[in-house]
Amino acid sequence: MEKVLVALSGGVDSGVAVHLLREAGYDVYGYTFLTSGSAEDRKEVAEDAGLVADFFSIPHKIEDIKDEFEDSVVSYFLREYTEGRTPNPCVYCNRHIKFPKLLAAADAWGIDKVATGHYVRVEEGLLKRGLDSRKDQSYVLCQLASDDISRFIFPLGEYSKGKIREIAASISLPVAHKGDSQEICFIPNDDYKAVIRAYPDRYKEGNFVDKEGNILGRHQGLPFYTKGQRRGIGIALGHPVYVTGLDPYTNSVFLGGEDELYGSEFQVESMNYLAPGYEELESFEAAVKIRYLSEAVPCRVYPLKEHRAAIALSEPGKSITPGQYGVFYNGDIVIGGGVISK
RNA sequence: UGGGGUGUCGCCAAGUGGCAAGGCAGCGGUUUUUGGAGCCGCUAUUCGUUGGUUCGAAUCCAGCCACCCCAG
């Protein structure tokens with residue numbers, strides 16, 4: 001029987017993943033890492049994951065990597081905000097922590113295949129969107145190393161979330177009724193600003209400025225704003241005002257009307273290709289997601305040197321935000337993704 | 001101090017005798033493996049104040065208070 005190491009989060013998805021893999025005839029091993037939160041939170045995750053492992057009677061290893069996680073993901077999170085960008089820690093974590101850790105654990109166990117409960121598919125060495133377009137999570141995997149793709153198994157990619165919950169209930173999975181995980185895993189109560197405030201040396205008050213350079217008011221610090229943001233600005237001009245940009249050099253937050261949010265061209269850096277052949281092209285047609293929750297829109301991509309690329313959208317996009325990832329698709333196939341730089 | 005003007009929710013602002021529009025901001029919900037956005041909902045028993053007229057006033061009258069402008 002071929003072995004596979006599953007990332008067990010203690011939730012519904014990874015639990016059902018174990019089930020589906022066994023049904024498919026795999027010899028399943030479980031691996032859980034504890035990344036953040038209080039000692040209590042981590043204990044709870046460990047217990048839930050242990051519950052699932054016991055339920056299936058599979059070997060299970062738990063590793064606490066809080067320090068490493070904070071050095072990597074949390075510092076990235078703070079750094080990006082400090083520099084006026086808006087990070088996506090999940091994408092970063094998948095690339096730098098989650099999948100490397102999983103693969104390393106698999107190597108240590110002498111296991112080739114690794115699996116997670118992500119709603120994506122792998123076919124012929126290509127990463128593809130999950131069939132349930134509403135739950136598709138290919139976006140957050142855009143930075144994975146293409147060489148590793150062939151080692152991945154994503155058992156949930158063919159299913160809808162509803163079906164997964166059905167399965168969880170039908171096999172009486174102990175955690176079947178847990179809600180979907182949300183929020184960033186290291187942010188308690190969905191309050192990222194509270195986390196930022198724990199690092200008062202990383203930000204300072206500054207001016208809200210309009211397109212003409214007029215000072216409109218005071219902001220609390222760059223990390224508390226993101227391009228396209230409307231609420232929480234506290235300025236009444238009679239019409240809605242949005243954050244149109246952040247300038248770390250003058251510590252300014254630019255404000256403007258909705259019309260100032262649209263753009264048709266941008267660039268990405270740290271471009272990572274998951275599908276072969278594209279990087280060498282002069283340019284290519286694709287569909288791009290500008291953020292996790294958005295429809296992919298048609299564009300033309302021009303690969304540049306040093307892992308950069310220039311993108312021209314066929315229709316203007318709203319709030320193209322530096323720090324977020326642009327992920328490119330050809331139909332269901334993930335071509336790759338990079339960090340929006342400007 | 002004379003002359004004029006204004007005073008309605010945090011901001012702007014309708015309303016000129018019949019039981020306080022709206023926008024912005026704010027708040028809540030929804031959505032979501034990031035931040036946002038969007039969507040839905042909530043938000044002045046009260047109109048600077050005190051009296052008066054009236055069946056009834058934020059809307060009419062008078063006094064007072066505050067602010068603004070022009071004179072000086």
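Chain letters run A, B, ... following the sequence lines, proteins first and then strands; every chain starts at 1. Quick note: numbers below take in every heavy atom, side chains included, and nothing from hydrogens, waters or symmetry partners.
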Output the rounded distance in Å from [atom1] ([X]) to [atom2] ([N]).
X	N	atom1	atom2	result
A:L141	B:rU33	CG	P	13 Å
A:R230	B:rC39	CZ	C1'	11 Å
A:L222	B:rG36	CG	P	15 Å
A:L255	B:rA25	CG	C1'	12 Å
A:Y92	B:rG35	OH	P	18 Å
A:Q229	B:rU34	CD	C1'	14 Å
A:R291	B:rG38	CZ	C1'	11 Å
A:I290	B:rA37	CD1	P	18 Å

Can you sort out which residues in residues 234-251 of chain A have a heavy atom within less than 4.0 Å of RNA chain B? Ascending by number, please. A:G234, A:I235, A:A236, A:L237, A:G238, A:H239, A:P240, A:Y242

Going by number, which of residues 316-342 of chain A have a non-hydrogen atom under 4.0 Å from RNA chain B? A:K318, A:T321, A:Q324

With a cut-off of under 6.0 Å to the ring centre and 45° to the axis, is A:K113 in cation-pi contact with A:Y29? no

Would A:K135 pass as a cation-pi partner of A:Y119, given that its NZ or CZ must be under 6.0 Å from the six-membered ring centre and within 45 degrees of the axis? yes

Using a heavy-atom cut-off of 4.0 Å across all strands, would you classify [X] as base, sugar-phosphate, or nothing?
X	value
A:Y292	base
A:Y81	sugar-phosphate
A:Q137	base

When you look at [atom1] of [X], are more than 12 heavy atoms from neighbouring residues, nucleotides or ligands closer to it than 6.0 Å?
X	atom1	value
A:E282	CD	no
A:K318	NZ	yes
A:K163	NZ	no

For the [atom1] atoms, the ones on [N] and on [M], what distance do you get once it is rounded to whole angstrom?
N	M	atom1	result
B:rG72	B:rC65	C1'	24 Å
B:rG22	B:rA57	C1'	23 Å
B:rC39	B:rC47	P	34 Å
B:rC64	B:rC40	C1'	47 Å
B:rC9	B:rA25	C1'	11 Å
B:rU45	B:rU50	P	15 Å
B:rG63	B:rU59	P	16 Å
B:rG52	B:rC68	P	32 Å

CA sep, side-chain torsions, deciding dist, call: A:N330, A:F284, side chain to side chain contact (heavy atoms under 4.5 Å, CB included): CA-CA 10 Å; A:N330 175 7; A:F284 58 88; over 6 Å; no

About how many Å separate NZ of A:K43 and CD1 of A:I62, when rounded to the nearest 0.5 Å? 12.0 Å

Could you measure the distance from the CG atom of A:D247 to the CG atom of A:N251? Nearest 0.5 Å is fine. 8.5 Å

Each nucleotide N or O in nucleotides 27-29 of chain B that has a protein N or O under 3.5 Å away: list the pair and distance.
| unit_1 | atom_1 | unit_2 | atom_2 | d |
| --- | --- | --- | --- | --- |
| B:rC27 | N4 | A:R231 | NH2 | 2.6 |
| B:rG28 | O6 | A:R231 | NH2 | 3.4 |

What does the 5'-to-3' dot-bracket notation of RNA chain B look like when only Watson-Crick and G-U wobble pairs under 3.5 Å count, and pairs to other strands show as |? ((((((((.[[[..)..(...]]].(((((.......))))).....[[[[[..)....]]]]]))))))).

Pairing of [X] and [Y] as salt bridge, 4.0 angstrom limit:
X	Y	answer
A:R151	A:D112	yes
A:R85	A:E83	yes
A:E258	A:R230	no
A:R42	A:D64	yes

Sorted by position of nearest nucleotide on RNA chain B, 5' first, the leading residue of A:Y192 and A:E258 is A:Y192

Sorted by position of nearest nucleotide on RNA chain B, 5' first, the leading residue of A:G228 and A:V140 is A:V140

I'd like to check the ring-ring contact (aromatic ring centres under 6.0 Å, His included) partners of A:F224; sequence neighbours left out, ordered by chain and number. A:Y203

Quiz question: going by heavy-atom distance under 3.5 Å, is there a donor-acceptor pair between the base of B:rG35 and the side chain of A:T226? yes

Taking 4.0 Å as the cut-off, does a side-chain nitrogen or oxygen of A:K193 come that near to OP1 or OP2 on B:rG35? no

Which is it for A:F99 and A:D148 under the side chain to side chain contact (heavy atoms under 4.5 Å, CB included) test, yes or no, and what are the steps along the way? CA-CA 9 Å; A:F99 281 84; A:D148 296 328; over 6 Å; no

Looking at every non-hydrogen atom in both residues, tell me the closest pair between A:L222 and A:V253 and how far apart they are. CD1-CG2, 3.8 Å

Could I get the full list of side chain to side chain donor-acceptor pair (under 3.5 Å) partners for A:R129, not counting sequence neighbours? none

